[in-house]
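All chains are named by letter (A, B, ...) in the order of the sequence lines, taking the proteins before the strands, and each is independently numbered beginning at 1.
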Amino acid sequence: MADKEKRRSAAIPSGMSAGKAIKPDSDVEFLSQAGVGDLLRGALLKMVEARSDDPIGFLADHFCNLASVTDSSPAGCGEDEQMNGAGACAQEQQHLNRALWHLRLAHHSQRSAFSNNVRVAYDLLNVSGCQRQAAEVPDGPDGSCSDDPIGAGEAGGGGVRGGLYTQTLQCLCSEGGVPASTSAPLLRRLHCQDHEVVPYDVFRHGVLTCAVFSDYIRQSQKLYAEVCCPHEGPATRALCLAVLGTLKEALETSAGCEPDCCINANNKAYACVESNVKAIRYLEASAKISPNQLAQAMDGARSRGPGGNMDAKEFENAAADLFITRVKVVF
Amino acid sequence: MSRLSAAVPVEEYLAESHVLFYLGDAVNQLLEHKEEYTQFGLIRYFAEYFSSVKNSNHVLFREFNYIRATPHNKASFIRVFWRCFRQIGKSGELLSVQDYRSLLQLLCPDFSMEVVQSAARIVLMDDATDCLMSFSDFIYAFQLQFYYQEFLESVLVIYQDLLAGKSPNTVFVPTSALVEQLPSVVVEENDKEEPQRDGVEACLLADCVDALCDRFKHSHPSRACVREILDQTDKVSYYSFLMSLAKHEAINQSIGALPSRAELFFDPEMDQELDKLIAQISVSPGSNSSGSAVGGLKEVQRRASPRRNIHHRRKMEVESDGSTEETDSSEN
């Protein structure tokens, strides 16, 4: 009760019930001082970028995530606190989780949004790896919407450590539904030594490759499901080889660009067109893997291909192999 | 997260989700309670605010205008009402309009009497609105009335126009055939039985309501349900139409606030949770100085916005030392 009285008496002098006309100036001042505008702008931009189906849920998660960042940062960035054992490890895990959360926000086909998020994730992991540089990294709520997503971070001279980078890629693949055995060869190819420092470009390339790879594997799993008849056990080897052959041809046609053309359910090459040359290549590639071509290849294979069956795993590995051999190694 | 939705323009995306409304409200709440929330932590405050909106407990003890501002708020309020007062229905007690209104005002101090009365009219078919009603009858009628209020008001206008033999006073003109039919139908009816005022041609009403739906974008009951109901009879009165809508399970499901009628009182898990909630609420009126009421409310408050606590207290004062008359006067 006393509490209530106090609250009420506090309310009256500040003009809360007296009339709203008196206070707009102080309100605006308060909001700008507290950085509410920036906070909300950052949240809205993130939300519009991600186009979540559940915007309210998205905002709730977003602010919770930010709150957990700010709650933990005093402990995490304390200068006196040395990285010792379990504490540092737990904190690193926390940063990794947060980085993954950012990477999940937008699909890689929404390229600018995705690039922004990669930048944020990179900065987070960078802090985690090298605490002394915490001060250089934007830790504000809207560090995420930096205008210059690429190329700003190298100045610090730090970078994400190789171990964390590899861990991030592993998590991305497994979250993307790719079995560890399938993603292992890709990860070996993208691998960095634990002690190495990973520059932003390499990080972005790795993350993007894993994201595209996850999509690609999901599509090739669907492709296999199309080829095999579920009731008759595994698909015949000949048919699978024909499909893989067509896939390979298509990938070769589109080669020369980044390996980030993924195949959608209609077997057409899906790509973001960056130049006419690329566009033409993609069109050729998609023609190569059009249902028509595929049907021809499969028909031919039926009569004269090798016998035996191929199971889903083998098909997946073969498809993954086609992809992985085309992954550029950036250093 | 759907990639396809990127095709929707930003403005449309924002408008459909009512995000800007919630952001505005969050900022207003913040400004009204600066001192508290600044200590609380601004980011934490926004996190709590949106979590409570997401979990549908943001409407507790908020003002009527807030509660009816978005479909999500309406559905949340209907659900909260059900959760809080289910026990009354379980005991099978019959309550009057005034009783239901008091219950609603426990959750929303300035809840409009008009909505409650309209809901009662649906249950009682516009007869004697001082009769007692069962909880389950009331809550589905209330849901329909509250959730689709604007739509139902327009339906009533159409209905009255049809009844009076006018062609519906709206932009949508029924096909010429209908216009021709219209006067004759009503004249015929008037000739036959003057005193019985219920009833317009169900199919006529169906056509008009269908056209009305075009203007109401999403906030109308599904056309299929409307058709289904109106196809069943030749003549229909406004309130029997509404009663059928209120009882229609598909409409109930699409609102998504209440379980089906059969399961209205069956939820052992929630019984426990409810006991807690009711304990918290029932302590409030009359026991001004009760420290435990405030303590108990803390829990609700932690999940909802902290503001609600204050709101509730303010309301308690009104209720506790005032008679019913005083509550009435506060509304006017």
Subject >> Nearest-0.5 Å distance that lies between atom CG in A:Leu66 and atom CD1 in B:Ile43 >> reply: 5.0 Å

**OP:** State, to 0.1 Å, how close A:Cys64 and B:Ala47 come at their nearest heavy-atom pair, and which atoms those are.
**Re:** N-CB, 3.6 Å

Original post:
Any ion pair linking A:Asp61 and B:Lys54 (charged N to carboxylate O, less than 4.0 Å)?
Top reply: yes

**OP:** Return the option, out of A:Ala34, A:Gly57, A:Ala43, A:Ala60, with the maximum number of heavy-atom pairs under 4.5 Å with chain B.
**Re:** A:Ala60

Original post:
Is there a side-chain contact (heavy atoms from CB on, under 4.5 Å) between B:Val53 and A:Leu59 once you walk through the steps?
Top reply: CA-CA 10 Å; B:Val53 175; A:Leu59 286 180; over 6 Å; no

**OP:** Take A:Ile56 and B:His18 through the test side-chain contact (heavy atoms from CB on, under 4.5 Å) and record every step on the way to the result.
**Re:** CA-CA 9 Å; A:Ile56 298 294; B:His18 296 104; over 6 Å; no

Subject >> Partners passing side-chain hydrogen bond (donor to acceptor under 3.5 Å, both in side chains) against A:Ser214 (at least two apart in sequence or in another chain) >> reply: none

**OP:** Give, for atom CG of B:Leu20 and atom CG of A:Leu44, the distance between the pair rounded to the nearest 0.5 Å.
**Re:** 6.0 Å

Original post:
Tell me, side chain or backbone of B:Phe46 under 4.5 Å from chain A's heavy atoms, or both, or neither?
Top reply: both

**OP:** Go through the structure and list residues passing side chain to side chain contact (heavy atoms under 4.5 Å, CB included) with B:Glu11, not counting sequence neighbours.
**Re:** B:Pro9

**OP:** Rounded to the nearest 0.5 Å, what's the gap from CZ on A:Phe58 to CZ on B:Phe50? Could you check?
**Re:** 11.5 Å

**OP:** Mark yes or no: A:Arg51 above the aromatic ring of B:Tyr13, with NZ or CZ under 6.0 Å from the six-membered ring centre and no more than 45 degrees from the axis.
**Re:** yes

